[in-house]
Student: 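One structure, pasted below without further comment.
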Amino acid sequence: MATQRVLPQSKETLLQNYNKRLKDDIRSILDNFTEIVKTAKVEDETQVSRATQGEQDHYEMQVRAANIVRAGESLMKLVSDLKQFLILNDFPSVNEAISLRNQQLRSLQEECDKKLISLRDEIAIDLYELEEEYYSSSCGQWDGVELPLCEAFRRRDSWGFPDTSSEPGHSSTEESERPPSQEVVPRHLNGHGAIPGDQC
């Protein structure tokens, strides 16, 4: 087997063994097939009866067919051994396959990065427009102070409730500012049925 690089002695011997096995199996298949074809030829009468000759030829064909099958199985085993040898020892081909796969994965990664960057830019533009719309509306203003989105929406939702819930201290302030109502005070009755000094 011709090769461009120098192999160790053990690998060179192994390759020569593979080459010898290949030639032997192919020769075995060819020789047995040739003999089967020769056996199928009808010959003239001999001292052996035709029935006996037929049985002998049939047995010989079976043996040679078995030899062909054995040589075929040996070739399949040789193919398996060659694959294993290439996987374990053909490092340049393995490195080339790994490099090709790395290039494919890198190109896929670059494509995904481009799509993610494009998506990020689109989201940033939409978010900027939403912020402009928010801060230009009245929702973002509260007593002249700009509020965060969550706080502004929380306070906006509270506008729909009664004033007592939104301003809990307001009702108590109004009650404290009301004029005191006339309360019913238990009066100790004197002889005239009224408190002295109460001449209403």
Student: Tracing side-chain links under 4.5 Å among I, L, V, M, F, W and Y, which residues wind up in one group with I123?
Tutor: L119
Student: Within a reach of under 6.0 Å around CD of Q62, are more than 12 heavy atoms found that belong to other residues, nucleotides or ligands?
Tutor: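 Buried by this count: over 12 neighbours within 6.0 Å.
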Student: Could I get the full list of side-chain contact (heavy atoms from CB on, under 4.5 Å) partners for D31, not counting sequence neighbours?
Tutor: R27
Student: Between V37 and M61, is there shared hydrophobic-cluster membership here, with clusters defined by ILVMFWY side-chain heavy atoms closer than 4.5 Å?
Tutor: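 Hydrophobic grouping puts V37 with M61.
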Student: Are the side chain of S118 and the backbone of K114 linked by a donor-acceptor contact shorter than 3.5 Å?
Tutor: no
Student: Is it the case that atom OH in Y18 sees more than 12 heavy atoms from other parts of the structure closer than 6.0 Å?
Tutor: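 Yes.
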Student: Can you measure from CG (N67) to OG (S74) and round to the nearest 0.5 angstrom?
Tutor: 12.0 Å
Student: Nearest 0.5 Å, please: how far is NZ in K20 from CG in L15?
Tutor: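 These two atoms lie 15.0 Å from each other.
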Student: Please go through V63's hydrophobic cluster and name the other residues, only I, L, V, M, F, W, Y counting, with side-chain heavy atoms under 4.5 Å joining them.
Tutor: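 So far as hydrophobic clustering goes, V63 is joined with Y59.
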Student: Among side-chain atoms of N17 and T13, is any donor-acceptor pair under 3.5 angstrom?
Tutor: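 The criterion, which ignores hydrogens and geometry beyond distance, is not satisfied for T13 and N17.
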Student: Tell me which donor-acceptor pairs under 3.5 Å the side chains of residues 79-87 have, and how far apart each pair is, sequence neighbours excluded?
Tutor:
{"from": "D81", "atom 1": "OD1", "to": "K77", "atom 2": "NZ", "distance (Å)": "3.0"}
{"from": "D81", "atom 1": "OD2", "to": "R21", "atom 2": "NH1", "distance (Å)": "3.2"}
{"from": "D81", "atom 1": "OD2", "to": "R21", "atom 2": "NH2", "distance (Å)": "3.4"}
{"from": "D81", "atom 1": "OD2", "to": "K77", "atom 2": "NZ", "distance (Å)": "3.2"}

Student: Is L127 close to E131 at the side-chain level, that is, under 4.5 Å between some pair of heavy atoms?
Tutor: yes
Student: What is the distance from atom NZ of K11 to atom CG of L88, rounded to the nearest 0.5 Å?
Tutor: 9.0 Å
Student: Within a 6.0 Å radius of atom CD on Q16, are there more than 12 heavy atoms belonging to other residues, nucleotides or ligands?
Tutor: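 Enclosed: over 12 neighbouring heavy atoms sit under 6.0 Å from CD of Q16.
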Student: Just how far is it from atom CG of L30 to atom CZ of F33, taken to the nearest 0.5 Å?
Tutor: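 It comes to 9.0 Å.
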Student: Scan residues 102-111 for pairs that pass side chain to side chain donor-acceptor pair (under 3.5 Å), counting only residues two or more places apart or in two chains.
Tutor: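 Listed by first then second residue: R101-Q104.
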Student: Report the distance from atom NZ of K38 to atom CD1 of I36, rounding to the nearest 0.5 Å.
Tutor: 12.5 Å
Student: Return the set of residues passing salt bridge (Lys or Arg N to Asp or Glu O under 4.0 Å) with R70 (not counting sequence neighbours), or none when no residue passes.
Tutor: none
